[in-house]
Amino acid sequence: MSQPTVPPVESGPPAASTPGSNDASVAEPRWHGVMREIVGGSAMISVLAVVLAMLAGGILIALTDDKVTAAAGYFFARPGDLIKAVWDSVSGAYTSLFQGAVYNFRRPGFIAGIKPLTETLTFATPLIAAGLGVGLAFRVGLFNIGGRGQMLIAAACAGWVSWSFELPYGLHLILAVAAGIIGGAVWGGIVGLLKARTGAHEVIVTIMLNFVALYLISFMLKTPGLLQAPGSNNPKTPAALPTAVFPDLLGPQFNLHWGFIFVIAATVYVWYLLNRSNLGFQFRAVGENPNAARVAGISVNKMYIYAMLLSGGLVGLAGVAQVLGTVTTGFSSGIDAGIGFDAITVALLGRSKPWGIFFAGILFGAFKAGGFAMQASEGIPIDIVVVIQSLIVLFIAAPPLVRAVFHLPKPSGVRLRRPRTQTAAVTK
Amino acid sequence: MSIQDAPLQHNHPDSLPPALEKTIVKSWKAPIAYGIFSIIAILLFVAFGREGVSGFRLSTDSDFVQIPTIEAPTRATGIVLTVLLLALAAYSAFLVSRNRPVRLWITVVFAILFLVAFLTWAAAGATIPVPGLLVGAVGLSVPLVFGALGGVISERVGVVNVAIEGQLLAGAFVSAVVASVTGQAVLGLISAMAAGVLVSFVLAAFSIKYFVDQVIVGVVLNVLVTGLTSFLYSQVLTKNTDLLNNSATIRLPRLPIPGLSEIPILGPVLFRQTIIVYILYIAVAVVFFALFKTRWGLRLRAVGEHPQAADTVGINVARTRFWNVSLAGAIAGLGGAYFTMGSVGSFNKEMTAGAGFIALAAVIFGRWDPIRATLAALLFGFASNLQSVLSIIGSPVPSEFMLMLPYLVTIFAVAGVVGRVRGPAAAGKPYIKS
């Protein structure tokens, strides 16, 4: 099968990881090379990408602000007004974003002030879980766009267990979580199986399974006896029983729930799996070069199936966190809330590394929490957050672009300003 | 689907051993697939056949030539059609056993017969408005076909185009705003193409210049365009709907073609449409001809199959890719204009609703061939419209399962039940000149 295989996802040139091979650092003092690593390396690129994206978002906010447009009308009479209007609109937006995401100084007391931060972590919980799933698949060279379908199936499984059985505290929760993870794993595993057996491209299959899951869940939601709440005509499920709901992590005044602990555990597990275990080594080998892995005796097809099972399970955990943590009063077919797609950007931002994904998830959780606050207080649609997030990922995916914008040196020591050889140097 | 598409695949530069192999290999996939569908037909239409009379209304009230409504006894028609299906399945098995290819027309006839049988079964005791069903199907298919054409060109030149959704949405947004402000339909259409090209520029720049994974750029671009258009819609368009998003000035008039539009059934379906649909007919033909009969098409396919070979004979790979991906964006953007100017009349948040992904599926289902991709897109459009018509007349199948059908069919197609799916060899791989 000559399916176009998705190349390894860490698409940035691995220049930073091979400092030993560059001869420029030999000729220069050692600290010079270290300095360049910091300024031109991937961490700096990530930070600068965020800065660039926020800048672009700020321009967009200013351009569409009524007061700015009004002040621009008499720019030549009083240019100060325009500058003030731009400053007001952009700083107002980002201040409310910060206050909605980290700490609200306007509220009395520490408990009320820190609440936004816990909201951020609550939003981050499913993002991290799904991001880990997508990132794990990336590391095996698979592209899992099926987050939506896997989350929906997982939510349905976990939800069904959460209201259908009366079980003691603890056991019920564990069973519901397990049911959700298995549901997601099965839905993801189908993809791995099809890819391994027939060579079907996982991108297409996951996209298609998203729609299949959506319609399947919509059908079950409006069919009494399946997922629909008894005695209701709305396509909505019953509420989860309290025994199956994630307990509050920091007390009832915060929304943060135990799902966050599960997600931290999942991060540790994925880190262990990828970096310390035999299976993870095989995963990474397949992701780097499937042909070489096959020659080395690794069953590539098996790895595809295992990876998609695990990936689906992790994305399923995101669905579980939604159903048993955030929306416990019954859900409809929009329960995935776009997290399956956000997870792709989270995984890319985290460069498919478990802890990178963890912090990327928290950053995007902050954007989400702050976005709602910004929409409420400044009237700026939350869609701006989507724009900023996607710009961040675009910039991060193309380090040469960011370096060119900020005139940064390349980590390998080749200056970007050299005109034509640039592209060749980048790929080496 | 036939297993061989000889004229298309013989010029693959790297396919010498497979080409030899292909002449002797027997594939029973097509007969097996027909057999499975025939068994379903026996079960559904004969064993569990419904009693009653199924009606098919063939004319609209405004037609010049009125055709009476056809009334068919449900079970008897089902039996006759099932026998025909079985005959076709047997014929395809006979062809394969004699090492002869199963041609595309057999699949088309099989599919149509199966559909008619299914419609007869579903419409027991009711009447299906056939022109309405087909007009709606064409309407839903138009953006899919445009998107699929864009996808075919882009992938044939070696750039995987997941950003069709973004191109459609950008085209829909920009065409609505421009057409609304200027009141000029032509400007609206041109701006839709420009918007699609703009999205393509980003895709091309990132994937060709910066070697970023094409699928990633595509996915992120979809998110970016969705976010941008939704933001601008909430922030700008809703505040001044009369000027910026006025459906009275945006929507295109239907232009019936004199004479042709009076043909029974076909006239209302194909020739009482807006200008975008007529452009579509031309676009499909032109893309097919250009891709397979011109120098441009040969170069394009060479770059997509084996960029190094193309480079060796002096084709500029990066430039060919860049401009053809842009062209693909222009075509997809035009499809986006259909959402606003052709059908709804005003822009709404996320109004493409996954059409770009279905178009992508059509590209793969249509095996990177413009005609087949068009047929696949028509099939998808038909399936989604069938669902709405059947839910009106009260169908025995839950509408969700009808909606699911195209996606399941695609999964089957991709998994190789229908036939071997093989994309352009170099699609998705950046070409790094050494």
Side-chain angles (χ1 to χ4, degrees), chain A residues 1-9 11-13 60-61 64-66 143 145 194 197-201 203-205 207-212 214-216 218-219 222-223 341-342 344-345 348 379-391 393-394 397-401 423-424 426-427, chain B residues 155 160 162 202 205-206 209-213 215-217 219-236 239 349 354 357-358 360-361 364 398-404 406-408 410-411 414-417 420-430 432-434:
Chain A
M1 275 297 152
S2 51
Q3 288 299 328
T5 48
V6 176
V9 167
S11 46
L60 206 57
I61 292 171
T64 55
D65 190 308
D66 290 337
F143 200 6
I145 321 188
L194 285 177
R197 282 288 164 84
T198 68
H201 199 306
V203 170
I204 305 303
V205 179
I207 292 173
M208 296 301 126
L209 280 180
N210 280 347
F211 288 101
V212 173
L214 176 67
Y215 292 124
L216 190 67
S218 328
F219 167 72
K222 65 173 212 192
T223 311
F341 286 102
D342 289 349
I344 301 169
T345 44
L348 291 174
I380 297 166
I382 193 165
D383 305 299
I384 190 72
V385 168
V386 178
V387 176
I388 294 178
Q389 286 177 352
S390 48
L391 284 176
V393 178
L394 262 190
L401 179 69
T423 43
V426 163
T427 56
Chain B
E155 303 218 354
V160 172
V162 190
V202 182
F206 274 80
K209 185 164 162 56
Y210 294 117
F211 311 118
V212 183
D213 188 284
V215 180
I216 291 174
V217 187
V219 170
V220 174
L221 270 178
N222 288 338
V223 179
L224 179 65
V225 175
T226 310
L228 261 181
T229 51
S230 302
F231 174 76
L232 291 174
Y233 172 77
S234 314
Q235 186 78 335
V236 182
K239 288 177 187 162
K349 257 189 188 184
F357 289 112
I358 305 179
L360 185 66
I364 294 168
S399 62
E400 283 82 7
F401 288 99
M402 294 299 304
L403 283 168
M404 224 186 265
Y407 308 109
L408 285 176
T410 311
I411 293 177
V414 175
V417 173
R420 203 171 65 108
V421 179
R422 181 197 172 282
K429 295 180 189 131
I432 300 162
K433 196 169 177 167
S434 50

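So that the names make sense, note that chain A is the first sequence line, chain B the second, and so on, each numbered from 1.
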(request) Calculate, to the nearest 0.5 Å, the distance between atoms CG and CD1 belonging to L360(B) and I207(A) respectively. (result) 5.5 Å

(request) Could you tell me the separation between the NZ atom of K239(B) and the CG atom of D66(A), rounded to the nearest 0.5 Å? (result) 4.0 Å

(message) At a 4.5 Å cut-off on heavy atoms, which part of F206(B) comes close to chain A: side chain, backbone, both, or neither?
(response) side chain

(request) Let me know if L194(A) has heavy atoms under 4.5 Å from chain B in its side chain, its backbone, both or neither. (result) side chain

(message) How close do M404(B) and L216(A) get, counting heavy atoms only, and between which atoms?
(response) CE-N, 3.4 Å

(request) Counting only heavy atoms closer than 4.5 Å, note whether V219(B) contacts chain A via side chain, backbone, both or neither. (result) side chain

(request) Check side chain to side chain donor-acceptor pair (under 3.5 Å) between E400(B) and all other residues, then give those that pass, not counting sequence neighbours. (result) K222(A)

(request) Please report the closest heavy-atom contact between G227(B) and V387(A), naming both atoms and the distance. (result) C-CG2, 3.4 Å

(request) Pick whichever of S230(B), A205(B), G354(B), A361(B) has the most heavy-atom pairs under 4.5 Å with chain A. (result) S230(B)

(message) What part of I382(A) gets within 4.5 angstrom of chain B, counting heavy atoms only: side chain, backbone, both, or neither?
(response) neither

(request) Show your reasoning for whether side-chain contact (heavy atoms from CB on, under 4.5 Å) applies to D383(A) and K349(B). (result) CA-CA 10 Å; D383(A) 305 299; K349(B) 257 189 188 184; 3.3 Å; yes

(request) Provide the closest heavy-atom pair for P381(A) versus Q235(B) in the form atom of the first, atom of the second, distance. (result) CD-OE1, 3.1 Å

(message) What part of V202(B) gets within 4.5 angstrom of chain A, counting heavy atoms only: side chain, backbone, both, or neither?
(response) side chain

(message) Counting heavy-atom pairs closer than 4.5 Å to chain B, which one of V385(A), I204(A), V205(A) comes out on top?
(response) I204(A)

(message) Using 30° and 60° as the class boundaries, would you call the ring planes of F401(B) and F219(A) parallel, tilted or perpendicular?
(response) perpendicular

(request) For Y233(B), check side chain to side chain donor-acceptor pair (under 3.5 Å) against everything at least two apart and list the hits. (result) N348(B)

(message) Quick check: closest heavy atoms across V212(B) and A397(A), and the distance to 0.1 Å?
(response) CG2-O, 3.3 Å

(message) Would L60(A) and L228(B) count as a side-chain contact (heavy atoms from CB on, under 4.5 Å) here? Give the steps.
(response) CA-CA 9 Å; L60(A) 206 57; L228(B) 261 181; 3.5 Å; yes

(request) Under 4.5 Å heavy-atom distance to chain A, tell me which part of V220(B) shows up: side chain, backbone, both or neither. (result) both

(message) So, taking the atom named CZ in F231(B) and the one named CD1 in I388(A), what distance separates them when rounded to the nearest 0.5 Å?
(response) 9.0 Å

(message) To the closest 0.5 Å, what do you measure between CD1 (I216(B)) and CD1 (I344(A))?
(response) 9.5 Å

(request) Would you give the length of the straight line joining atom CD1 of I411(B) to atom OG1 of T198(A), rounded to the nearest 0.5 angstrom? (result) 10.5 Å

(message) Rounded to the nearest 0.5 Å, what separates atom OH in Y215(A) from atom OH in Y407(B)?
(response) 4.5 Å

